[in-house]
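In what follows, a structure is listed as structure tokens, so that the remarks can point back to it.
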2 protein chains.
Amino acid sequence: MKNYNFERKASDLLALLGNPFRIQIILTIGEGEACVCHLETALNKRQAYISQHLMALRDGGILETRREGKYIFYRLSNPKVFELIRAAGLLAGVQEKDLPMLQIPLQVNKCVCPYCEGEIPMFEKKLHSVVPENE
Amino acid sequence: MKNYNFERKASDLLALLGNPFRIQIILTIGEGEACVCHLETALNKRQAYISQHLMALRDGGILETRREGKYIFYRLSNPKVFELIRAAGLLAGVQEKDLPMLQIPLQVNKCVCPYCEGEIPMFEKKLHSVVPENE
DNA sequence: TTTTCATATTCGTATTTTTGAATATATTGT
DNA sequence: ACAATATATTCAAAAATACGAATATGAAAA
């Protein structure tokens with residue numbers, strides 16, 4: 001990995017992000033953090049499936065984790081990945097107004113994670129305060 | 001395609017760029033243009049292989065073409081894809097100084113295309129004059 | 001320490017992507 | 001019209017990826 005050439009490094013990163021579900025995960029986490037079970041209810045997919053993608057994203061350096069008791073919270077390791085995704089959307093013809101914005105994870109109905117249960121105040125979820133720049 | 005959601009549009013674009021050889025092609029074309037046979041000699045791959053990737057990139061809106069006699073010249077449809085690739089490199093841990101720069105295609109030894117033969121002056125190849133911005 | 005809950009891992013298969021080989025098409029020059 | 005050259009397309013095998021099912025691990029609570 002260390003001595004991969006530029007094309008390889010860049011394309012690995014791009015390929016990692018080149019999956020709609022992984023993008024969904026990233027958009028859901030946004031500038032906050034989320035545990036697996038939160039994503040499970042928010043995205044309505046099986047736990048194992050989510051874990052697999054989270055692992056891939058973490059191995060690729062896109063996500064970082066924090067353990068708190070039995071929960072493991074995932075967050076973006078660098079808010080620039082968000083800008084990269086937005087830039088890709090623009091290149092793909094998405095209108096400026098239809099681009100996603102960085103936001104904290106939304107409370108989800110059936111979710112019982114500490115955030116959705118209100119055990120951690122919402123504002124503490126906001127880890128990145130970067131607002132994607134407009135041209 | 002028209003009614004794909006954001007994740008799908010963005011991830012399709014990212015996946016398209018998520019291939020080291022396609023990145024190589026894009027870096028080689030740079031801010032100029034190149035025919036298939038130029039890429040063939042420059043990248044030392046079979047013509048069919050190159051054509052396939054070029055088609056994929058054109059279908060994905062990354063490249064545009066211009067026909068001149070029996071030659072077909074490919075160019076970036078938007079220099080921002082170059083910035084996207086650079087941004088991906090940065091996120092992948094590439095040092096700023098090791099990032100590729102937009103440049104016109106280099107003359108290649110065994111290549112017999114109009115550019116390499118000097119039939120079209122080099123400076124005419126420079127289609128995009130955008131210099132990737134530094135922070 | 002046993003149970004429970006959150007998350008990780010392993011495994012198998014369906015699907016997609018990659019890539020080479022062969023072949024087709026289009027343009028130019030003779 | 002024919003040959004030569006540049007590029008596109010089709011086909012198939014190999015490789016990689018996606019994704020579900022089952023199972024394992026690890027922390028907390030009883």
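Order of the sequence lines sets the chain letters (A, B, ...), proteins ahead of strands, with each chain counted from 1. Given the structure is predicted, the values throughout are model-derived calculations rather than measurements.
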Seminar exercise, completed: Closest of D/dA8, C/dA8, D/dA18 to the A/Ile72 side chain is C/dA8

Exercise. Once you round it to whole Å, what is the distance between P of D/dT7 and CD of B/Glu33?
Worked result: 12 Å

Seminar exercise, completed: Rounded to whole Å, the CD-P distance (B/Glu119 to C/dT28) equals 14 Å

Exercise. Taking a hydrophobic cluster as the set of Ile, Leu, Val, Met, Phe, Trp and Tyr residues connected by side-chain heavy atoms closer than 4.5 Å, whether directly or through intermediates, do A/Val108 and A/Phe73 fall within one such cluster?
Worked result: no

Problem set entry | Closest non-hydrogen atom pair, B/Asp12 against B/Tyr4 | OD2-CE1, 3.8 Å

Problem set entry | Nearest-nucleotide pick for B/His53, side chain only, options being D/dA6, C/dT19, D/dT7 | C/dT19

Exercise. Does B/Asn19 have a side-chain nitrogen or oxygen under 4.0 Å from the phosphate oxygens OP1 or OP2 of C/dT18?
Worked result: yes

For this session: Give, for atom CG of B/Leu63 and atom OH of B/Tyr74, the distance between the pair rounded to the nearest 0.5 Å.
Result: 8.0 Å

For this session: Could you say whether B/Arg67 or A/Tyr71 is positioned toward the 5' end of DNA chain C, judged by the nucleotide with the nearest heavy atom to each?
Result: A/Tyr71

Exercise. Just how far, in rounded Å, is P of C/dT19 from CD of B/Gln24?
Worked result: 11 Å

Exercise. What do you reckon, is CZ of B/Arg66 surrounded by more than 12 foreign heavy atoms closer than 6.0 Å?
Worked result: yes

Exercise. So does B/Asp59 have more than 12 non-hydrogen atoms from other groups sitting under 6.0 Å from CG?
Worked result: yes

Seminar exercise, completed: Nearest-nucleotide check on DNA chain D, A/Glu68 vs A/Ala15; residue mapping nearer the 5' end is A/Ala15

Problem set entry | Pairwise 5' ranking along DNA chain C for A/Phe73 and B/Gly18, keeping only the more 5' one | A/Phe73

Seminar exercise, completed: Between CG of B/Asp12 and P of D/dA18 the distance, given in whole Å, is 13 Å

For this session: Would you kindly give the CD-to-P distance between A/Glu117 and C/dC5, to the nearest whole Å?
Result: 14 Å

Problem set entry | Gap between atoms CG and P, on A/Leu16 and D/dT17 respectively (whole Å) | 10 Å

For this session: Report the relative orientation of the aromatic rings in B/His53 and B/Tyr49; use parallel for angles under 30°, tilted for 30 to 60°, perpendicular for over 60°.
Result: perpendicular

Problem set entry | Candidates C/dT7, D/dA6, D/dA18 - which lies nearest the side chain of A/Cys35 | C/dT7

Exercise. Mapping A/Gly69 and A/Phe21 onto DNA chain D by nearest heavy atom, which one lands closer to the 5' end?
Worked result: A/Phe21

For this session: Locate the shortest heavy-atom distance separating B/Ser77 from B/Gly61; write the atom from each residue and the value.
Result: OG-O, 2.5 Å

Exercise. Going by heavy atoms closer than 4.0 Å, what residues in residues 43-52 of chain A are next to DNA chain C?
Worked result: A/Gln47, A/Ala48, A/Ser51, A/Gln52

For this session: Would you kindly give the CG-to-C1' distance between B/Leu39 and D/dA6, to the nearest whole Å?
Result: 13 Å

Problem set entry | B/Leu54 CG to C/dT18 P, straight-line distance once rounded to whole Å | 14 Å

